[in-house]
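Along the sequence shown, residues carry numbers from 1. For clarity, every value in this text was computed on a predicted model and none was experimentally measured.
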Amino acid sequence: MIPLLLMSALQLAELLVSSVVHVLFGLYLFTSAITGDLTQTFLESIFKPKPTVEVVKQGNTTTQVSDLTPIVLVHGIFGFGKGRLGGLSYFAGAEKKDERVLVPDLGSLTSVHDRARELFYYLKGGRVDYGEDHSKACGHSQFGRFYDKGEYQEWDEDHPVHFVGHSAGAQVVRVLQQMLADKMFDGYENINENWVLSLTSLSGALNGSTRTYLDGIQPEDGKSLKPICLLQICRLGAIIYDWLDISWLKSYYSFGFDHFNMSWKKTGLRGLVDCLLGNAGPFASSSGDWILPDLSIQETMKLNANLKTFPNTFYFSYATKRTRKPLGVMGIHPLLSIRVLQMSQWRYPRDIPLPYKGYRDEDWQDNDGALNTVSMTHPRIPVEHSNLIVRSDSDCLPLQPGIWYYKIVEADHITFILNRERAGVEFDLIYDNIFERCRKHVFRQSPQTMPNKAQRKLGGDREE
């Protein structure tokens, strides 16, 4: 009896600490965004910003930034795109390293399916269509936000896109590519998988994570929540946030649940009660149309069963880990330090069936505090996709499509986002490598010349 009470007390203490750390980190980001906005407004009131020039002459030709293939950075869970949280950058300013980078703002807690639909219309334009059958099954509106002008309206097989997905963002791109292959967007008959030129997965959730079980997903089904857990607190917070529907607050940050119509203006107090009891909304027990269940091993397996690696697309992955570094949790972000240790010690319950044949706890011990390293290298379950580990970039050139090239990097899950200073020189090495590969080594016809490169070359010609 006493050991049971002691264990319960320890679990409640851990839940309290985890909740406080997550809330404080969220408040830190929010206040940082507001402070940055106020500072920028003040500076702009004193100094007028200089106009930017996006056209570079090269000999008798003119190279425009708009001619470059876009590189689209897709954020992960709790993430945000350009225009949210003021001037704060989810990718810590990495988007400034290349002349044409897009950073869409997708639902931060919405399901992989819904985010993939939003990503398509962000690029092509129009009103987001989540699909009639899916919308009915999950109890939300079929149509969402309207993009008056797509960020890349010419997107097609002849004008494909490079995608870089962090965390769950990588899986979002995989689902989008499969939707393109299956022609799942009404009104677009000529879509296909070749609209995606490359996918780079940065700490990508390709095979699920055991952290979902530590945070509150039931390992029995990989979908429902434990009665008392961190995700229950997250669920309550998200419901109340969306129900209050404070416009200026949601313009700063949104969970992306507008298509569930949870606002008090539409549902009243009864709607709030239904959502809290799990009878309606994204967290309803009947649908569970939000991101966390999609990241359990069981639900990821179901998703992966329908996702292919396509022969004309280039795939690359950076898998991160911090469990084998000397001095243990030293250098790990406080948000992840406890989870790194917990994930390395977690064992799948022996009184329930294993999530897949051949599952071994030791394979899933290495992690970065959010995802298991084995999950980030390449799609493995239920079927392992063609892959090759990369020791040196020169060893795998020229790159071949249809193969998952992967590297294992010593870093935690948020080393390469939010705070550039934390990663130091490694930040520049990673993103420079990603953008250089997109521009120089990944192409179907001929490599493109970046405008800044062309400008330097032109300057060199003049010197001669």
Side-chain angles (χ1 to χ4, degrees), residues 63 65 67-76 90-103 123 152 155 157 159-167 169-174 176-177 193-204 206 309-320 376-379 385-411 415-417 420 423 425-454 456-457:
T63 302
V65 172
D67 292 335
L68 284 173
T69 299
I71 299 174
V72 184
L73 305 183
V74 185
H75 64 76
Y90 178 86
F91 289 93
E95 60 271 23
K96 298 177 182 178
K97 284 180 166 290
D98 188 87
E99 280 77 1
R100 196 174 192 193
V101 178
L102 303 175
V103 189
L123 292 169
Y152 192 46
W155 186 31
E157 184 173 1
H159 305 86
V161 169
H162 298 289
F163 287 99
V164 179
H166 176 255
S167 191
Q171 197 74 329
V172 169
V173 178
R174 293 190 66 215
L176 171 60
Q177 186 175 25
E193 65 276 9
N194 294 328
W195 286 29
V196 179
L197 180 54
S198 74
L199 164 57
T200 299
S201 171
L202 184 58
S203 302
L206 304 176
T309 292
F310 294 95
N312 293 325
T313 299
F314 296 84
Y315 300 90
F316 206 93
S317 173
Y318 294 90
T320 45
M376 294 182 269
T377 59
H378 59 280
H385 293 214
S386 179
N387 63 90
L388 178 67
I389 188 170
V390 176
R391 310 290 183 185
S392 172
D393 289 340
S394 59
D395 294 341
C396 60
L397 296 177
L399 295 172
Q400 300 297 319
I403 299 174
W404 282 86
Y405 296 93
Y406 69 91
K407 280 185 175 182
I408 297 178
V409 182
E410 284 286 350
T415 296
F416 302 113
I417 60 170
R420 186 172 187 161
V425 67
E426 192 70 19
F427 179 95
D428 295 307
L429 291 174
I430 287 288
Y431 283 106
D432 287 347
N433 183 266
I434 291 173
F435 292 147
E436 181 179 0
R437 184 170 57 249
C438 289
R439 296 302 183 207
K440 290 186 175 181
H441 303 297
V442 175
F443 50 89
R444 293 191 184 130
Q445 294 179 349
S446 59
Q448 294 176 305
T449 301
M450 295 176 64
N452 62 343
K453 301 289 186 182
R456 284 199 289 268
K457 182 177 180 182

Does Gln177 reach the main-chain N or O of Glu193 with its side chain, forming a donor-acceptor pair under 3.5 Å? yes
Drop me the distance from Arg437's CZ to His162's NE2, to the nearest 0.5 angstrom. 10.0 Å
Distance col, row Ser386:OG vs Tyr315:OH, nearest 0.5 angstrom, shows 11.0 Å
Side-chain (Trp404) to main-chain (Ser317) donor-acceptor, under 3.5 angstrom: no
For the residue pair Glu426 and Thr415, confirm or rule out a side-chain donor-acceptor distance under 3.5 Å. no
Between Ala319 and Met376, what is the shortest heavy-atom contact and its length? CB-CB, 3.7 Å
Could you check if a side-chain atom of Lys97 sits within less than 4.5 angstrom of a side-chain atom of Ile434, using non-hydrogen atoms only? no
Is a side-chain donor or acceptor of Tyr405 paired with a backbone partner of Phe314 at a separation under 3.5 angstrom? no
Donor-acceptor check, side chain of Ser203 to backbone of Thr320, threshold 3.5 angstrom: yes or no? no
Test item: Phe310 and Val196 side chains (from C-beta on) under 4.5 Å apart, heavy atoms: no
Determine the minimum heavy-atom distance between Val72 and Leu123, stating which atoms define it. CG2-CD2, 4.1 Å
How close do Tyr406 and Thr377 get, heavy atom to heavy atom, and via which atoms? CB-O, 3.4 Å
Between Gly204 and Ala170, the two heavy atoms sitting closest are CA-CB, 3.9 Å
State, yes or no, whether a side-chain contact exists between Val161 and Leu102 at a heavy-atom distance under 4.5 Å. no
Once you round to the nearest 0.5 Å, how far does CZ of Arg100 lie from CG of Leu68? 7.5 Å
I'd like to know if the side chain of Tyr431 and the backbone of Phe416 have a donor-acceptor N/O pair within less than 3.5 Å. yes
What do the steps show when you test Asp98 against Arg439 for side-chain contact (heavy atoms from CB on, under 4.5 Å), and what is the final call? CA-CA 10 Å; Asp98 188 87; Arg439 296 302 183 207; 2.7 Å; yes
Examine His166 together with Tyr90 and report whether their ring centres are nearer than 6.0 Å. yes
Look at the side chain of Tyr152 and the backbone N and O of Thr69, then say whether any donor-acceptor pair between them is shorter than 3.5 Å. no
What's the separation between atom CH2 in Trp195 and atom CG in Asn312, rounded to the nearest 0.5 Å? 15.5 Å
Distance (rounded to the nearest 0.5 Å) between Asp432 CG and Phe427 CZ: 9.0 Å
Please report the closest heavy-atom contact between Pro160 and Pro70, naming both atoms and the distance. O-CD, 4.3 Å
Compare every heavy atom of Arg420 with every heavy atom of Ala92, then report the nearest pair and how far apart it is. CB-N, 3.7 Å
Do His75 and Ile417 come close enough that some side-chain heavy atom pair is under 4.5 Å? no
Between the NE2 atom in His385 and the CG atom in Leu206, the distance rounded to the nearest 0.5 Å is 10.0 Å
